2 protein chains.
Amino acid sequence: VKGSGLVAQVDARAVRERQRYSSVAWQRVLSDLDRKGRTQFELMRVLSSAIERRELAGGVRLPSGRELARMLGVSRNTVIAAISDLVDQGYLVARERSGVFIADPLPPVAKTSMPRQAIDRMDWSARFSVGGLAETEAALRPPPSVAYSFDYGQFDFTLFPIAHWRECERAALGKLEIARWARDMGDEDDVELVEELRKHILPYYGIWSRPDEILITLGGQQGRYLVAQLLSGRGTLAGIEFPGLPDMANILRVAGAEVRHLPVDQDGLMIGDAVESCDTFYVTPDHQNPTTVTMPLACRQDLLKRAASGDIVVVEDTFETEFVFHEPSLPSLRSLDGDNRVVHVGSLSKLMAPGLRLGYVVASPTVIRELRALRRLMHRHPPGNNQRALAIFIRHGHYRTYLRRAAVELARRSAALAAALDRRLPDFRWRHRHATSSFWIELPAGLDADRLCVAAERRGVRVTPGRRFFSGLQPTANFIRLAVSTLGESQICEGIRRLAEARAELG
Amino acid sequence: VKGSGLVAQVDARAVRERQRYSSVAWQRVLSDLDRKGRTQFELMRVLSSAIERRELAGGVRLPSGRELARMLGVSRNTVIAAISDLVDQGYLVARERSGVFIADPLPPVAKTSMPRQAIDRMDWSARFSVGGLAETEAALRPPPSVAYSFDYGQFDFTLFPIAHWRECERAALGKLEIARWARDMGDEDDVELVEELRKHILPYYGIWSRPDEILITLGGQQGRYLVAQLLSGRGTLAGIEFPGLPDMANILRVAGAEVRHLPVDQDGLMIGDAVESCDTFYVTPDHQNPTTVTMPLACRQDLLKRAASGDIVVVEDTFETEFVFHEPSLPSLRSLDGDNRVVHVGSLSKLMAPGLRLGYVVASPTVIRELRALRRLMHRHPPGNNQRALAIFIRHGHYRTYLRRAAVELARRSAALAAALDRRLPDFRWRHRHATSSFWIELPAGLDADRLCVAAERRGVRVTPGRRFFSGLQPTANFIRLAVSTLGESQICEGIRRLAEARAELG
């Protein structure tokens, strides 16, 4: 009885208080608050937008925190926090001993003109110095997601080390850490990330580097872009693998270089005489993209000998070699290089969380110095907080743990894919190297890759047509690529079952 | 008695247990652990590096967690956590009911060759297509920090909203959020950040944009760089302000454009006939950098008329206009533009935490589409977690709160600087506009700016010589720039006292 009396009493008060705010404007605001204002932020949204719309005029007194809390049935702390933030934001003004008022004059608010219909009177295409990039196939947005995507390089949430990464981002939010990363770092990198890379990651590739031989980049993509801009400008000839990374030709085109396609065989890049006329060449020796071929040691040595005799710069791209932790690997070109002519480009986040965008370049200090100056003009430096969090992540051993777990899981998925292919599509000739996430598959004679991709898509299965890797030229055969980045074992089996159906349909 | 007996008993056990690990290797490891192994990570470091150095051979059994804890006098949980992480990392192997062993074979570890002395046989400078950037003055590292730095754009920890930023980074670490930002976003931006920008920030500039008119960049610097690459290539003429942002000429040089210097007067960029031969020009109408001049509305309209008659693209750089929240501002060029010829470049993090590197470009959808494709080749997208955290930061109203607080504080500091200058250096002609952090100062006749800077530096005071903003050409007078980004009021007064001393010394 006592309790319900109190409620009745409170209700009566609330009604009384509401009556004091009986203008149309207040009624609208209060009803918006009734509907939405249950949290601090919703409360702030409703009040600030009413003020911005001038529904609540400047100089009007706000109900007290206690009154508002009662009227809305939310806690007084919530109301007080919201009011205090709105005072900070300039919507409200607190006057000592008089209460809180709508700011008068109001703080400057959005210009009130309505959204303008965009009229474009410009002939833009005539002005683009590197135009038409948006039309390249690689730049086209992927179609909506499918149930069974064998696309490469997609993020796998089930492998992401949530707790470890949270721990490290939080550690990077300590006061001393913030003071180090929030500043404009100019052309510098996070010193600790460079140390972790130099001492705990590069040695696995046989690379021992001084800090001035290292540049942190926004992922492997930026490493390739920066190097091409600096070393493959107008009037130079750049050799790229054929088939190879679709973006490489586009990156070189923007840089201004002429491109020569160098064929890939079962030992990787074929080192013929065509190599020697190049100024630079771009090679993926560990897991050639897309064929997954690994270049044998003898070929690596031969390639460096040819490069030396032709005075060619070699850009070594460590595509998917983060898995080097999992198995002994061949020495990198950079570790075999006696002339300092190899520029080594790698990724740090591709496998784990490509959205983080972190990678690196290792090269001669002279090259790094110019790349650094170019990067400074481009955007100064990669965001400091992510560099710091990743440094802590590596230091605590989480990077190694992650790569090991991911390698085990990808090996398991790869075995499932190999088995499913052999069972359902035995005449598909696949090539796959341990510790990569993708399969390069030659289709049997007469089976068209593009038609297979379309038929598969209709069954919810996405595979990558091999054509993409041939720079718009004629593929040497009908290929497709399948990757196991995101699908679990049972999904892989079902995906291949459907792919086999699609193939059967084509006859 | 009972307690000390227990300790004695434990000690005796510890000694007995240590005797079981009496090899030289174990003694070394245990003594390293005694010295350093107090935390989980130190313990992991000592053990893993002993294993990497092969001091502890593969297959050897590790003391149990309980034994190790006792031997080292640390908690058993610490030891167990360390061991479990080392198992994950592949250094140790757990065998059921037998215990934990050093992995055998060891996981692949760093190649054991020693650091190589870098020999550079290459003539790099002949190969650089955009070489010499590292030699430009703007690229030179600043000298060591001084007690009183009036340098512009430095991070002020006392203004950084630590609690609010932590709240938002943590919110971005929710599982659903991670799934959205950790993936490879290709050429996309964070949808919510674009919405916040479009609805809650751009309207303050009078700009109403559709999402396809917006690109998120790595700070204002990347906005300028991308636009120059696309619209100011070889064979084009780009107009820039004189004096102006030192990097602008370098960015255009890399893009390939010829540069024309357009003088600035008390109304900003002087719109003479020189303008009309340009293909593009780059202008900072709100706070001209470095003069702090604001271009009046009539001049803005005149500039757009001239641009239309000469068919010139206008790149509007909103230098330090984040403070637009604090006071009513003039309509931006983009908001006055009827042809869609204005490309609007802005920063989102410059004032608060330049290390975060976030900004944007607003332009015609045709331009944004190509800029997006170019950015994709360059590095795909700005890191997803920071985009997400900033979107939450703006949504919660913290961005507005921060800018308001910073504006109030910078106004207070600016007043202190103006008073100190008027008192101690009354013949310095300073120009400062409300809501900027910097002062542009013309020195009295006969006082050399460079010599003043050197004399000030000797007294622990850093000021920026005006020469920097004249692209290596002759300055129109002796100028210096002072900014109040990092110094409090009393430091400003002391800094100016010392600057006056330096000036007196020069006579």
Side-chain angles (χ1 to χ4, degrees), chain A residues 41 44 88-90 108 110-111 115-116 120-122 124 127-129 133-134 139 153 155 157 166 173 179 181-184 203-204 206 208 218 221-222 225 230-231 233 250-251 328 339-341 353-357 364 366 369-370 373-374 377-380 383-384 386 396-397 400-401 404, chain B residues 44 88-90 108 110-111 115-116 120-122 124 127-129 133-134 139 153 155 157 166 173 179 181-185 203-204 206 208 218 221-222 225 230-231 233 250-251 328 339-341 353-357 364 366 369-370 373-374 377-380 383-384 386 396-397 400-401 404:
Chain A
F41 294 115
M44 288 169 64
D88 285 342
Q89 289 171 31
K111 306 277 185 298
R116 168 178 65 76
D120 216 325
R121 294 189 209 280
M122 310 289 290
W124 287 111
R127 295 176 174 271
F128 293 157
S129 57
L133 289 176
F155 171 65
F157 190 68
R166 279 184 185 153
L173 287 170
W181 64 251
R183 70 196 169 87
D184 184 341
Y204 287 83
W208 299 88
L218 284 158
Q221 181 93 347
Q222 194 188 23
Y225 188 90
L230 184 67
L231 297 171
N250 294 329
I251 286 173
D339 297 351
N340 225 338
R341 73 172 61 254
L356 276 179
R357 313 294 326 133
S364 154
T366 314
R369 199 157 156 267
E370 283 298 321
L374 186 58
L377 281 188
M378 215 176 254
H379 62 78
R380 300 182 181 262
N386 285 345
H396 285 187
R400 195 182 159 97
T401 301
R404 194 154 183 283
Chain B
M44 287 169 64
D88 285 341
Q89 288 170 32
K111 306 276 186 296
R116 168 179 65 75
D120 216 325
R121 293 191 211 278
M122 310 290 288
W124 287 111
R127 293 173 175 272
F128 292 156
S129 57
L133 290 177
F155 170 66
F157 190 68
R166 277 185 187 151
L173 287 170
W181 65 250
R183 69 194 171 87
D184 185 340
M185 292 159 69
Y204 287 84
W208 299 88
L218 284 157
Q221 181 93 347
Q222 195 189 24
Y225 189 90
L230 183 66
L231 296 171
N250 294 327
I251 286 172
D339 298 350
N340 225 337
R341 72 172 63 253
L356 276 179
R357 313 293 327 133
S364 153
T366 315
R369 199 156 156 267
E370 282 298 320
L374 186 58
L377 281 186
M378 214 175 256
H379 62 80
R380 297 179 183 267
N386 285 344
H396 285 187
R400 196 182 157 95
T401 300
R404 193 154 183 281

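In this text the structure is predicted, and so the values were computed from the model without any measurement. Quick note: numbers below take in every heavy atom, side chains included, and nothing from hydrogens, waters or symmetry partners. Proteins come first, then strands; the chains are lettered A, B, ... in the order of their sequence lines, and each starts at number 1.
Remark: A:H379 NE2 to B:M378 CE distance equals 8.5 Å, nearest 0.5 Å. Atom CG in B:L218 sits 10.5 Å away from atom CZ in A:R357 (nearest 0.5 Å). The distance from atom CZ of B:R127 to atom CD of A:E370, rounded to the nearest 0.5 Å, is 14.5 Å. Separation of atoms CZ (A:R400) and CG (B:D88) is listed at 11.5 Å; rounding is to 0.5 Å.
The two residues B:R183 and A:P354 come nearest to each other via the heavy atoms C-CG, 3.9 Å. Nearest heavy-atom pair, A:L231 versus B:S129, reported as atom, atom and distance to 0.1 Å: N-OG, 4.4 Å. When all heavy atoms of A:A179 and B:F155 are compared, the closest pair comes out as CA-CE2, 4.1 Å. Of all the heavy atoms in A:M122 and B:D339, the pair that sits closest is CG-O, 3.7 Å. Shown here for A:N386 and B:P383, the closest heavy-atom pair between the two residues is ND2-CB, 3.4 Å. Across every non-hydrogen atom of B:T366 and A:W124, the tightest pair is CB-CD1, 3.9 Å.
Looking at residues two or more places apart in sequence or on another chain, you find no ring-ring contact (aromatic ring centres under 6.0 Å, His included) involving B:Y225. In this view, B:R380 and B:D184 satisfy the side chain to side chain donor-acceptor pair (under 3.5 Å) rule, not counting sequence neighbours.
With a 4.5 Å cut-off on non-hydrogen atoms, B:W181 touches chain A through its backbone and its side chain both. The parts of B:F128 that come within reach of chain A are both its backbone and its side chain, each placing non-hydrogen atoms under 4.5 angstrom from that chain. Neither the backbone nor the side chain of B:M185 comes within contact range of chain A; no heavy atom of the residue lies under 4.5 Å from a heavy atom of that chain.
Of the listed residues B:L356, B:L374, B:L173, B:I251, the one with more heavy-atom pairs under 4.5 angstrom with chain A than any other is B:L173. Note on A:A182, A:A353, A:G233: by heavy-atom pairs under 4.5 Å with chain B, the leading option is A:A182.
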